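Scroll down for the structure; my scribbles are underneath it.
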Amino acid sequence: MSRPVDARIDIRIADITTLAVDMIVNAANPSLLGGGGVDGAIHHAAGPSLLEACRKLGGCRTGEAKLTGGFDLPARYVCHTVGPVWHGGGRGEDEALAACYRSSLQCAAEKECETVAFPAISTGVYGFPPARAARIAVREARAFLENHPRPAQIIFCCFSQASADHHLDAMDT
Ligand code: APR
């Protein structure tokens with residue numbers, strides 16, 4: 001059963017570095033000095049100025065988020081957040097992932113972003129089960145949008161049909 005806020009949630013299959021949105025979220029690591037996956041793609045597309053900006057941030061703790069400009073990206077801002085590494089679910093991974101979505105959405109609201117795009121945080125190298133992660137992402141997005149006019153739209157930018165399907169299934173709950 002869809003809810004009024006669901007009209008503000010969009011699920012797409014795309015390379016997040018191509019999205020001309022106000023903010024894209026990066027699934028970073030605590031150093032904020034780049035890596036592989038979506039982190040590597042964002043740094044590659046943004047250019048060296050992004051790494052220079054990240055060096056000044058002093059790292060980031062799991063569940064927290066830090067903001068930089070988008071530099072050569074079509075997105076205006078990059079919100080760097082650090083997801084939990086999956087260890088089986090008994091070490092607070094669900095709550096840490098939820099905190100990543102909340103912290104990033106708070107960043108977007110503070111910058112009065114119209115649109116913010118998320119990758120499927122922690123579901124790659126960090127091994128978080130993708131269906132479980134998608135349920136957390138949708139739950140946190142709905143909860144935030146119910147209480148905030150900004151961002152006007154959240155895009156779940158999935159990198160595969162399987163990832164998109166997990167988010168679509170989560171929207172049906
Ligand atoms: N656009 C959108 N999504 C992408 C892109 C892209 N260009 N590239 C990868 N993804 C997807 C992956 O398919 C996965 O669904 O992003 C999701 C997150 O995967 P990772 O990038 O591996 O991130 P994560 O699992 O959070 O691991 C973070 O990996 O790259 C390193 O520095 C990073 O140490 C950190 C760790």
Side-chain angles (χ1 to χ4, degrees), residues 9-48 50-55 57-68 70-89 91-105 107-108 115-138 140-141 153-171:
I9 296 174
D10 188 17
I11 296 165
R12 286 188 211 168
I13 300 173
D15 173 345
I16 203 167
T17 65
T18 66
L19 298 186
V21 292
D22 292 320
M23 181 182 283
I24 62 171
V25 176
N26 181 21
N29 63 62
S31 74
L32 293 185
L33 299 180
V38 72
D39 193 6
I42 288 172
H43 275 271
H44 178 75
L50 179 59
L51 184 55
E52 271 175 55
C54 285
R55 284 195 204 288
L57 295 178
C60 184
R61 285 191 296 204
T62 299
E64 295 185 4
K66 292 193 177 178
L67 192 75
T68 66
F71 301 106
D72 296 343
L73 286 161
R76 190 160 163 220
Y77 298 111
V78 181
C79 176
H80 306 264
T81 192
V82 179
V85 176
W86 181 252
H87 292 290
R91 297 193 197 175
E93 294 97 321
D94 286 358
E95 181 45 36
L97 184 62
C100 286
Y101 284 92
R102 286 197 298 271
S103 309
S104 303
L105 286 166
C107 255
T115 50
V116 59
F118 284 92
I121 303 165
S122 280
T123 65
V125 167
Y126 281 2
F128 204 109
R132 187 181 181 126
R135 286 193 294 274
I136 291 167
V138 167
E140 292 304 324
Q153 184 192 34
I154 292 174
I155 298 166
F156 288 124
C157 182
C158 301
F159 213 43
S160 68
Q161 185 64 55
S163 180
D165 290 345
H166 289 312
H167 288 80
L168 288 164
D169 292 345
M171 292 291 289

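Hydrogens, waters and symmetry mates are skipped; everything else that's a heavy atom, side chains included, is used. We count ligands from 1, going down the list as the structure has it; atoms in each ligand are counted the same way. Because the structure is a prediction, the values reported are computed rather than measured. Nothing fancy with the numbering, it's 1 onward along the sequence.
- With Thr62 contributing its side chain and Pro84 its backbone, the two residues share no donor-acceptor pair below 3.5 Å.
- A distance of 11.5 Å separates CD1 in Ile155 from CD1 in Ile11, rounded to the nearest 0.5 Å.
- Using a 4.5 Å heavy-atom cutoff, the side chains of Pro119 and Phe159 are not in contact.
- Between Ser160 and ligand 1 there is no heavy-atom distance shorter than 4.0 Å.
- Not a single salt bridge (Lys or Arg N to Asp or Glu O under 4.0 Å) links Asp165 to another residue, sequence neighbours left out.
- Proximity of Gly83 to ligand 1 is not established, as no heavy-atom distance is less than 4.0 Å.
- For Thr17, no nitrogen or oxygen atom sits less than 3.5 Å from a nitrogen or oxygen atom of ligand 1, counting backbone and side chain alike.
- Checking only distances, Ser163 never comes within under 3.5 Å of ligand 1, N or O to N or O.
- When only non-hydrogen protein atoms are considered, atom 25 (O) of ligand 1 lies nearest to Gly124 N, 2.8 Å.
- At the shortest separation from atom 30 (O) of ligand 1 among protein heavy atoms lies Gly36 O, 2.7 Å.
- For atom 13 (O) of ligand 1, the closest non-hydrogen atom of the protein is Phe159 CB, 3.6 Å.
- Numbered from 1 in the order shown, with element, the atoms of ligand 1 that lie under 4.0 Å from a heavy atom of Thr123 read 14 (C), 15 (O), 17 (C), 25 (O).
- When only interatomic distances are considered, the shortest N/O to N/O separation between Gly40 and ligand 1 does not fall below 3.5 Å.
- Geometrically, ligand 1 and Ile121 share no nitrogen or oxygen pair separated by less than 3.5 Å.
- The N/O atoms of Gly127, backbone and side chain alike, include none that comes under 3.5 Å of an N/O atom in ligand 1.
- For Thr81 (side chain) and Glu64 (main-chain N/O), a donor-acceptor pair under 3.5 Å exists by modelled atom type.
- Of the protein's non-hydrogen atoms, the one nearest atom 18 (C) of ligand 1 is Ala120 O, 3.3 Å.
- The line from CG of Leu50 to OG1 of Thr68 is 4.5 Å long, rounded to the nearest 0.5 Å.
- Of all the atoms in ligand 1, the ones that sit under 4.0 Å from a non-hydrogen atom of Ala28 are 35 (C).
- Interface of Gly37 with ligand 1, defined as ligand atoms under 4.0 Å from a residue heavy atom, comprises 8 (N), 21 (O), 30 (O).
- Taking every non-hydrogen atom of Ala27 and a distance limit under 4.0 Å, the qualifying atoms of ligand 1 come out as 23 (O), 26 (O), 28 (C), 33 (C).
- For atom 26 (O) of ligand 1, the nearest protein heavy atom (residue, atom name, distance) is Ser122 N, 2.9 Å.
- Proximity of a side-chain donor or acceptor of Asp72 to a complementary backbone N or O of Ala45 within less than 3.5 Å is not detected.
- Listed by atom number, the atoms of ligand 1 under 4.0 Å from Ala41 heavy atoms are 7 (N).
- For Arg76, the CZ atom is loosely surrounded, since the number of other residues' heavy atoms within 6.0 Å does not exceed 12.
- Nearest to atom 36 (C) of ligand 1 among the protein's heavy atoms is Tyr126 CE1, 3.4 Å.
- Of the protein's non-hydrogen atoms, the one nearest atom 33 (C) of ligand 1 is Asp39 OD2, 3.6 Å.
- Phe118 and Tyr101 have tilted rings, their planes meeting at an angle from 30° to 60° on a 0 to 90° scale.
- Enclosure of atom NE2 in His44 is not indicated, since only 12 or fewer non-hydrogen atoms of other residues, nucleotides or ligands lie within 6.0 angstrom.
- Phe128 has its side chain within reach of Ile136: a pair of non-hydrogen atoms, C-beta onward, lies under 4.5 Å apart.
- Scanning the protein heavy atoms around atom 21 (O) of ligand 1, the nearest turns out to be Val38 N, 2.8 Å.
- Near Asp15, meaning under 4.0 Å from any of its heavy atoms, are these atoms of ligand 1: 1 (N), 6 (C), 7 (N).
- Nearest to atom 22 (O) of ligand 1 by heavy-atom distance, out of Val82, Val125, Ile16, is Val125.
- Taking 4.5 Å as the limit, every side-chain heavy atom of Val116 sits out of range of all side-chain heavy atoms of Asp22.
- Asp10 contributes no side-chain N or O that, together with a main-chain N or O of Phe156, makes up a donor-acceptor pair within less than 3.5 Å.
- Those atoms of ligand 1 that come under 4.0 Å of a heavy atom in Ala14, given as number and element, are 1 (N), 2 (C).
- Contact detail for Leu19 and Ala117: the closest heavy-atom pair is CD1-CB, 3.7 Å.
- Atoms of ligand 1 lying under 4.0 Å from any heavy atom of Gly35, numbered from 1 in the order shown and given with element: 30 (O), 32 (O).
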